[in-house]
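Working notes, beginning with the structure itself.
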Number of protein chains: 2
Amino acid sequence: MTGNAPRRADALRNHDRVIAAARELFAERGLDVTVPEVAARAGVGRATVYRSYPSKEELVLAVARESFRALEERTLAAIAADDAYRAFVAYLPDLLEHLRRDRGLAAAFLEARLVPAARLVDLIGRLVEAAKAAGPLRPDTGVLDVRIVLCGVIRQLIVLDEREPAVWRRYADVILAAFRS
Amino acid sequence: MTGNAPRRADALRNHDRVIAAARELFAERGLDVTVPEVAARAGVGRATVYRSYPSKEELVLAVARESFRALEERTLAAIAADDAYRAFVAYLPDLLEHLRRDRGLAAAFLEARLVPAARLVDLIGRLVEAAKAAGPLRPDTGVLDVRIVLCGVIRQLIVLDEREPAVWRRYADVILAAFRS
DNA sequence: AACTAACCGGACTCACGTGTCCGGATAGCC
DNA sequence: GGCTATCCGGACACGTGAGTCCGGTTAGTT
């Protein structure tokens, strides 16, 4: 790690295989995928996975970090928009579509203990506050509503294993209605 | 069981202790309570619990059955009300208050595989349909919204361990807003 | 008071998933 | 082509919770 000694070629190749397998499996089936399953799909042994990522959480973060960063950027852009309300209205279906496509990302998003997830939820809270000042949202709306309503609906869509894009789109609209005054 | 032979006094006493302990623990902490914990609180051994209830699910049902029946009755009454919309508006905070008070009941309510829970959700769906005909609800609202929005918000309130009555009351209102057109 | 059938509960098995270890194999260098 | 540091992965240790079993005990009857 620190000494960044040149790692052996097979180690690098296996590392790539592991993260590719994890990316696929997490996206398809969420974070309940077990480490042995990831190892099997990658064609390596369990211990090889744990060598690159000391715990399953590290693996999850490695896979999801980029997606979180992208979502954060979109959120910041929406907050900074001229009309934060319109930006929020456009943002919601976009967010849900991303989460629908990647079950692992959605599951990570709902994991309040995960730092990037908590940060993103806070940002969305700030977006709601900004939107409130620019459009017809409930005056008492805040980050708690994001945590309860937005996260609750997303969690339930996952629990019920809903995959239909139209259904997810519809709930973007329903969530918006819940926030509106 | 079948021969309903007169059970010994100590067996009946232990049975009562077990169900009382289960009722308390489930209400306080939900269904994640383990069977050993129930046994310990009841002051009996594990096997004694399994004698009365062959599986944990049976125990849960035994504890929750009465509450489900009561909720079903209230739901049916609301469906049959003159103004189903007003009945629905009054019903929601009432339902949430019951679930807030009994975490085990709330957890059971969210367990779609549990027959009484599924039946209650269906009934609430019928209530929504009836209310739709009598008041300003979205025309495309139905039982799916109950499953996603109502159950989602309740699940998230539990996940975040929210216990404040005022917060639960507020979300009864927010859910209603989500259903409204 | 003695006897027996029923009950009690500690100890056990089983299943599953995370994380560790060490003997064997192999890549990279000389 | 040989040597060694590094990596590989099957086997293992651990923790948790559900559900079972059997020797000891006690309630209820005669």
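Heavy-atom basis, side chains included; hydrogens, waters and symmetry copies ignored. None of the values given here were measured: they were computed from a predicted structure.
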Relative to the 5' end of DNA chain D, which residue comes earlier, B:L31 or B:D10, by the nucleotide with the nearest heavy atom?
B:L31
C:dC7 P sits how many Å from B:D16 CG, rounded?
15 Å
So do the side chains of A:Y53 and A:V63 get within less than 4.5 Å of each other, counting heavy atoms only?
no
Atom CG of A:D32 and atom C1' of C:dC16 are separated, to the nearest Å, by 13 Å
Closer to the 5' end of DNA chain C via nearest nucleotide, is it A:V33 or B:T48?
B:T48
Atom-pair distance (CZ on A:R46; C1' on C:dC22), nearest Å:
16 Å
Does the base of C:dT26 carry an N or O that pairs as donor and acceptor with the side chain of A:R8 under 3.5 Å?
yes
Looking at A:K132 and A:D145, does any basic side-chain N land under 4.0 Å from a carboxylate oxygen?
no
Measure from the side chain of B:A11, starting at C-beta and using heavy atoms only, and say which of C:dC8, C:dG19, D:dG9 lies closest.
C:dC8
Starting at atom OH of B:Y50, determine the distance to atom C1' of D:dG19, rounded to an integer number of angstrom.
5 Å
When you measure from the side chain of A:T34, which nucleotide among D:dA18, D:dC8, C:dG17 comes out closest?
C:dG17
note: B:R13, atom CZ; D:dT26, atom P; distance rounded to Å ~ 12 Å
Can you find an N or O donor on one side and an acceptor on the other, under 3.5 Å apart, linking the side chain of A:R51 with the base of D:dG9?
yes
Of the options D:dG10, C:dG10, D:dA18, whose atoms approach the side-chain atoms of B:A47 most closely?
C:dG10
Nearest whole Å is fine: how far is C:dA6 P from B:N14 CG?
17 Å
Provide, to the nearest angstrom, the distance between the CG atom belonging to B:L12 and the P atom belonging to D:dT26.
18 Å
Check whether any side-chain heavy atom of A:E162 lies under 4.5 Å from a side-chain heavy atom of B:R147, and answer yes or no.
no
Rounded to whole angstroms, how far apart are CD on A:E37 and P on C:dG17?
7 Å
When you compare the side chain of B:I158 with that of B:L110, does any pair of heavy atoms fall below 4.5 Å?
yes
Is any side-chain heavy atom of A:L157 closer than 4.5 Å to one of A:L99?
no
